Participant: 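Once you've had a glance at the structure underneath, I'll fire off some questions.
Bear in mind the structure is a predicted one, so any value in this text is a computation, not a measurement.
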Amino acid sequence: MIEVIAAIIGIAVGIGGKFAYDKQQATSSKHKAEKEVARAERKASDIILKAKDDALRLEQERRREMQKVENRLVDRESALDRKLDELDRRSEKLRAAEDEVESLKGEIRDIRSKQQEKLEKIAGLKKKDAADKLMQMTERDIKDDLMGLVAKLQKDATDDAEERAQVVILSAMERMASEVTAERTVTAIKLADEEMKGRIIGKEGRNIQALQRATGVDILVDDTPGMIVLSSFDPVRRQVARMALELLMKDGRIHPGRIEEVVAKAEKQIEKEVVRAGEDAAREVGVTGIPKELLRLVGELKFRTSYGQNVLMHSTEMAHMAGLIAEEIGANVRVTKIATLLHDMGKAVTHKVEGKHHHIGAELARKAGLSEEICHAIEAHHDDIEATTPEALVVRVCDAVSAARPGARNISAENFAERMRDLENIATSFKGIDKAYAISAGREVRVIVRPESIDDLSAIKLSRDIANKIESTMQYPGTIKVNVIRETRAIEFAK
């Protein structure tokens with residue numbers, strides 16, 4: 001019993017000690033908190049004082065700036081007042097001067113009226129009668145001159161029209177720059193070694209016979225060492241054979257069954273390339289709405305050439321030029337561009353359809369539902385059909401320009417240098433010529449004469465004589481400018 005009482009007393013004493021300790025700790029924490037609050041209040045007070053000082057300083061600076069601005073405004077106002085005063089003084093002077101001028105005009109009018117009255121009394125005619133008589137005399141005196149002037153103006157108008165047409169065509173030509181592709185009826189494929197040639201020939205020639213049957217192309221293996229030559233007048237077949245041979249050589253498996261499979265694959269690939277070429281051409285020249293079957297024929301022209309000129313490039317070049325010319329002369333640009341792009345598509349089927357390519361092309365366009373303006377322009381780009389619309393005339397002109405451009409076709413390229421020499425030889429055949437140069441692709445002959453042999457008047461006659469001789473002895477597209485240059489130099493030495 002005593003132990004229990006002792007335990008209870010011990011517990012009570014422990015609780016009381018714990019309570020006293022907690023009270024002491026709370027008192028200590030309260031003192032610390034009060035110290036922290038006092039420190040924070042002092043710090044906040046310092047910050048507030050500093051902020052007040054900064055605000056006071058900024059306010060003083062702002063007031064100084066406002067004072068400066070106010071001073072500048074006062075100065076400007078004073079300057080404006082001075083300028084207004086000066087303008088007022090000038091306005092007064094101008095009004096005074098205007099009054100003086102008006103007074104002088106009145107005096108001059110009075111003097112003119114008095115002089116006119118005196119002249120009418122002396123001449124015995126009124127002003128209107130004198131003017132009519134003067135006009136009659138003047139008209140009688142200058143009638144012949146007026147007739148000559150009218151004739152000259154009419155001739156100048158004709159010359160200007162021809163010159164403007166030349167400028168339009170030459171401008172369209174100069175803005176075009178296209179490549180020239182040489183015509184080839186054969187394609188050569190390089191072989192890695194002579195063993196590959198034997199594999200292409202095959203046992204008893206089976207492989208090469210299978211290739212020729214599948215592609216319709218003649219394959220020549222013995223003409224050129226290290227090369228196989230594909231010969232065909234159909235460029236599409238030749239491209240199929242070239243692609244098939246390249247695939248076979250790359251794969252290495254060459255036998256009749258594989259050849260048929262690869263040729264079929266090459267035909268599909270070439271077909272895709274043909275369609276893409278037609279769509280790209282239409283996109284390049286900026287026309288839409290052309291039927292797909294016609295675009296495919298246009299794409300086939302990528303593999304066809306005419307006298308060394310790639311037909312597809314020729315057609316797109318024409319379409320660009322035709323658009324420029326049609327816009328200048330006010331023709332239908334879309335009709336002209338479509339007609340020029342399609343004008344040679346008949347060449348893609350000339351080996352299948354009887355007739356001339358421009359008639360075939362026009363018939364294909366009619367079957368495809370194109371307008372008669374486009375069909376007529378396609379059909380009339382050669383001389384056997386009369387061109388009755390401006391669009392057809394533009395197509396014909398652009399076809400001649402593109403085909404006759406020096407270097408565009410093999411025939412022109414072969415004769416180009418000779419034609420340039422002939423121009424220079426014709427010029428130098430006259431007396432008094434020092435040098436002669438054919439420039440601008442044969443469109444101009446620049447002739448330099450000896451000044452001691454040819455005077456200014458003779459130079460004019462010489463240019464006409466050279467032009468006449470060129471016209472009578474040469475055939476050439478367009479016009480040729482004869483430019484005779486005479487230069488006189490006086491040189492002396494001071495000693």
Side-chain angles (χ1 to χ4, degrees), residues 1-105 171-172 174-179 272 276-277 279-290 316 319-320 323-324 326-328 330 333-334 337:
M1 186 65 181
I2 295 171
E3 293 175 354
V4 173
I5 293 171
I8 292 172
I9 292 170
I11 291 171
V13 170
I15 292 172
K18 179 69 169 60
F19 178 76
Y21 176 78
D22 290 342
K23 185 176 181 181
Q24 184 180 1
Q25 289 294 110
T27 302
S28 177
S29 298
K30 182 178 180 182
H31 288 312
K32 288 182 180 179
E34 289 175 352
K35 289 180 181 179
E36 291 294 330
V37 169
R39 188 182 300 113
E41 288 177 351
R42 288 195 300 272
K43 189 178 292 185
S45 178
D46 294 340
I47 292 173
I48 291 171
L49 290 174
K50 185 178 179 181
K52 287 182 177 180
D53 293 339
D54 292 341
L56 182 60
R57 187 177 66 256
L58 291 174
E59 179 65 21
Q60 291 175 350
E61 291 179 357
R62 187 179 66 81
R63 287 181 179 179
R64 286 195 294 270
E65 290 295 330
M66 289 181 64
Q67 187 63 37
K68 290 180 181 178
V69 172
E70 186 176 353
N71 294 336
R72 285 198 297 269
L73 289 175
V74 170
D75 294 339
R76 289 187 180 181
E77 186 177 358
S78 301
L80 286 174
D81 290 339
R82 289 194 298 270
K83 289 183 178 179
L84 287 173
D85 293 339
E86 186 178 352
L87 287 174
D88 290 338
R89 289 193 296 272
R90 289 186 179 181
S91 298
E92 291 295 334
K93 290 181 180 179
L94 286 174
R95 280 194 292 271
E98 288 175 356
D99 294 340
E100 185 178 355
V101 169
E102 192 63 35
S103 175
L104 291 173
K105 285 182 178 179
S171 174
E174 289 171 355
R175 292 171 66 179
M176 286 301 304
S178 12
E179 300 176 357
K272 290 181 181 177
R276 185 167 56 250
E279 293 174 350
D280 290 345
R283 191 179 304 111
E284 180 184 347
V285 301
V287 294
T288 57
I290 301 177
T316 53
H320 285 301
L324 297 173
E327 189 172 358
E328 287 287 338
V333 176
R334 184 176 183 276
K337 279 190 172 184

Participant: To the nearest 0.5 Å, tell me how far L58 CG sits from D53 CG.
Facilitator: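 Reported to 0.5 Å precision, the distance equals 11.0 Å.
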Participant: For Q67, what residues pass the side-chain contact (heavy atoms from CB on, under 4.5 Å) criterion, not counting sequence neighbours?
Facilitator: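 By the side-chain contact (heavy atoms from CB on, under 4.5 Å) rule, Q67 matches E70, N71.
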Participant: Residues in side chain to side chain donor-acceptor pair (under 3.5 Å) with E92, at least two apart?
Facilitator: R95
Participant: Is it the case that the side chain of K337 and the backbone of V285 share a donor-acceptor pair, with hydrogens and angles ignored and the cut-off at 3.5 Å?
Facilitator: yes
Participant: For D54, what residues pass the salt bridge (Lys or Arg N to Asp or Glu O under 4.0 Å) criterion, not counting sequence neighbours?
Facilitator: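 By the salt bridge (Lys or Arg N to Asp or Glu O under 4.0 Å) rule, D54 matches R57.
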Participant: What pairs with R89 under side chain to side chain donor-acceptor pair (under 3.5 Å), at least two apart in sequence or on another chain?
Facilitator: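 Counting only residues at least two positions away or on another chain, R89 forms no side chain to side chain donor-acceptor pair (under 3.5 Å).
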Participant: Listed by chain and number, what are the salt bridge (Lys or Arg N to Asp or Glu O under 4.0 Å) partners of R42, not counting sequence neighbours?
Facilitator: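 By the salt bridge (Lys or Arg N to Asp or Glu O under 4.0 Å) rule, R42 matches no residue at all.
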Participant: Has the side chain of S78 got a donor or acceptor atom that lies under 3.5 Å from a matching backbone atom of V74?
Facilitator: yes
Participant: Looking at E61, E59, Q60, which one forms a side chain to side chain donor-acceptor pair (under 3.5 Å) with R63?
Facilitator: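 Option passing the side chain to side chain donor-acceptor pair (under 3.5 Å) with R63: E59.
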Participant: Would you please name every residue forming a salt bridge (Lys or Arg N to Asp or Glu O under 4.0 Å) with E77, sequence neighbours left out?
Facilitator: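 By the salt bridge (Lys or Arg N to Asp or Glu O under 4.0 Å) rule, E77 matches no residue at all.
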Participant: To the closest 0.5 Å, what do you measure between CG (L104) and CG (D99)?
Facilitator: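 Here the interatomic distance stands at 11.0 Å.
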Participant: I'd like to check the side-chain contact (heavy atoms from CB on, under 4.5 Å) partners of E65; sequence neighbours left out, ordered by chain and number.
Facilitator: K68
Participant: Is the shortest heavy-atom distance from the side chain of R72 to the side chain of V69 under 4.5 Å?
Facilitator: yes
Participant: Quick check on E284: does its CD atom have over 12 non-hydrogen neighbours (other residues, nucleotides or ligands) under 6.0 Å away?
Facilitator: yes
Participant: So, using side chain to side chain donor-acceptor pair (under 3.5 Å) as the criterion, who are the partners of R90 when residues are at least two apart?
Facilitator: E86
Participant: Under the side-chain contact (heavy atoms from CB on, under 4.5 Å) rule, collect the residues that match up with R283, sequence neighbours excluded.
Facilitator: E279, D280
Participant: Excluding sequence neighbours, so at least two apart, what forms side-chain contact (heavy atoms from CB on, under 4.5 Å) with E98?
Facilitator: none
Participant: Nearest 0.5 Å please: distance from the NZ atom of K83 over to the CG atom of L87.
Facilitator: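 The NZ atom of K83 sits 9.0 Å away from the CG atom of L87.
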Participant: Counting distance only, does the side-chain N/O of S45 pair as donor-acceptor with the main-chain N or O of E41 below 3.5 Å?
Facilitator: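 Not a single qualifying donor-acceptor pair exists.
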Participant: Who are the salt bridge (Lys or Arg N to Asp or Glu O under 4.0 Å) partners of E36, not counting sequence neighbours?
Facilitator: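 Counting only residues at least two positions away or on another chain, E36 forms a salt bridge (Lys or Arg N to Asp or Glu O under 4.0 Å) with R39.
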